[in-house]
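If you're wondering where the values come from, they're calculated on a predicted model, not measured in any experiment.
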Amino acid sequence: MTYRCLLQMVLLLCLSTTALSRSYNLLRFQQRRSSVVCQNLLWQLPSTPQHCLEARMDFQVPEEMKQAQQFRKEDAVLIMYEMLQHIFNILTRDFSSTGWSDTIIEHLLVELHGQMNRLEPIQKEIMQKQNSTMGDTTDLHLRKYYFNLGQYLKSKKYNRCAWTVVRVQILRNFSFLRRLTGYLRD
């Protein structure tokens, strides 16, 4: 009886997200798979007329996202976590004018939440150890970028065209997230 309970506890521990997250190679695989799922879900959302893309504006995409640069895996985790939180928060806003499927958005939010859950134990550990070379400027640039996206949606009253522009930005974000995922190696 005790042996069986012990075996079940060991299996549970081995399969828990926290235990799995400690392996950067496994985390890289999980994050990459989930990012592809998120991108595919975003592509499933009905698009709007091409003229909506003319409503674009400069959201001040952080240079860190534009230019390929070297990141330490710890910094990549922190940036990914921050980006996923902001994307999640944006997608929980009023998208009723878009004609988007609630089911697709729910699946997308579940995938984003799963990615954050896998990253969170490592993110907390990095923050506790202060084991990051990512400066406050990168964090500030990300916050400003996502603030601008939110303000854009709000100023356009969350209309369909505004969501089209933001959807394109989020798709670009996932390209960057996939590049960051490459830094997650043991």
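Looking at Lys73, its side chain does come within 3.5 Å of a backbone N or O of Arg185 through a donor-acceptor pair. Side-chain N or O atoms of Asp75 include none that pairs as donor or acceptor with a backbone N or O of Phe71 at under 3.5 Å. Under a 3.5 Å cut-off, the side chain of Trp43 and the backbone N or O of Leu171 do not form any donor-acceptor pair. Judged by distance alone, the side chain of Arg28 and the main-chain N or O of Leu184 form a donor-acceptor pair under 3.5 Å.
Counting only N and O atoms by type, the side chains of Glu111 and His107 include no donor and acceptor under 3.5 Å apart. One side chain, Ser96 or Asp94, offers a donor N or O that lies under 3.5 Å from an acceptor on the other. Defined by atom type and a distance below 3.5 Å, a donor-acceptor pair is missing between the side-chain atoms of Arg178 and Gln31. Checking Tyr145 against Gln169 by side-chain atom types alone, a donor-acceptor pair falls below 3.5 Å.
Of all the heavy atoms in Gly150 and Arg93, the pair that sits closest is CA-NH1, 3.1 Å. Summarising the geometry of Phe88 relative to Leu109, their closest heavy-atom pair is CE1-O, 3.5 Å, with the distance given to 0.1 Å. Among all heavy-atom pairs drawn from Gly182 and Arg32, the shortest one is CA-NH2, 3.4 Å. Taking all atoms of both residues into account, the shortest heavy-atom contact from Gly99 to Pro46 is O-CG, 3.8 Å.
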*Could you go step by step and tell me if Lys154 and Gln151 meet the side-chain contact (heavy atoms from CB on, under 4.5 Å) rule?*
CA-CA 5 Å; Lys154 190 176 180 179; Gln151 287 301 109; 4.2 Å; yes
_Checking Gln123 against Glu82 for the side-chain contact (heavy atoms from CB on, under 4.5 Å) test, could you report, in this order, the C-alpha distance in whole Å, the side-chain angles of both residues, the deciding distance, and whether it holds?_
CA-CA 10 Å; Gln123 182 259 357; Glu82 182 83 19; over 6 Å; no
*Are Glu106 and Ser101 close enough, and set up right, to give a side-chain contact (heavy atoms from CB on, under 4.5 Å), and what steps lead you there?*
CA-CA 9 Å; Glu106 286 172 18; Ser101 163; over 6 Å; no
*asked:* Please determine whether side-chain contact (heavy atoms from CB on, under 4.5 Å) holds for the pair Ser35 and Gln115, giving the CA-CA distance in whole Å, both sets of side-chain angles, and the decisive distance to 0.1 Å.
replied: CA-CA 8 Å; Ser35 285; Gln115 287 190 49; 3.7 Å; yes
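A salt bridge does not link Glu74 to Lys129: none of the charged side-chain nitrogens sits closer than 4.0 Å to a carboxylate oxygen.
To the nearest 0.5 Å, atoms OG1 (Thr92) and CG (Leu108) are separated by 11.0 Å. Taking CZ of Phe147 as the reference point, atom CD1 of Ile90 lies at 11.5 Å (rounded to 0.5 Å). Taken from CD1 in Ile87 to CE in Met80, the straight-line distance is 10.5 Å, to the nearest 0.5 Å. Annotation: the span from Asn117 atom CG to His113 atom NE2 amounts to 4.5 Å, rounded to 0.5 Å. The CG atom of Leu177 sits 14.5 Å away from atom CZ of Arg172, with the distance rounded to the nearest 0.5 Å. With rounding to the nearest 0.5 Å, the separation of CZ in Phe59 from CG in Asn148 is 8.0 Å.
No close placement of the Phe95 and Tyr158 rings is indicated, their centers lying 6.0 Å or farther apart.
Residues Ile170 and Arg167 are not in side-chain contact: their nearest non-hydrogen atoms beyond the backbone lie 4.5 Å or more apart. The shortest side-chain heavy-atom distance between Phe29 and Thr181 does not fall under the 4.5 Å cut-off. Proximity of Trp163 to Trp100: side-chain heavy atoms (C-beta onward) are separated by under 4.5 Å at one or more points. A heavy-atom distance below 4.5 Å is found between the side chains of Ser34 and Arg118. Using a 4.5 Å heavy-atom cutoff, the side chains of Leu112 and Cys38 are in contact. No side-chain heavy atom of Tyr152 sits under 4.5 Å from any side-chain heavy atom of Leu149. No side-chain heavy atom of Val61 sits less than 4.5 Å from a side-chain heavy atom of Phe176. Side chains of Tyr146 and Met83 form a contact here, defined as non-hydrogen atoms less than 4.5 Å apart.
Partner Leu45 forms a side-chain contact (heavy atoms from CB on, under 4.5 Å) with one of Thr164, Thr98, Ile105 and no other, that one being Ile105.
Both Met127 and Tyr81 are members of a single hydrophobic cluster when ILVMFWY side chains are connected at heavy-atom separations under 4.5 Å.
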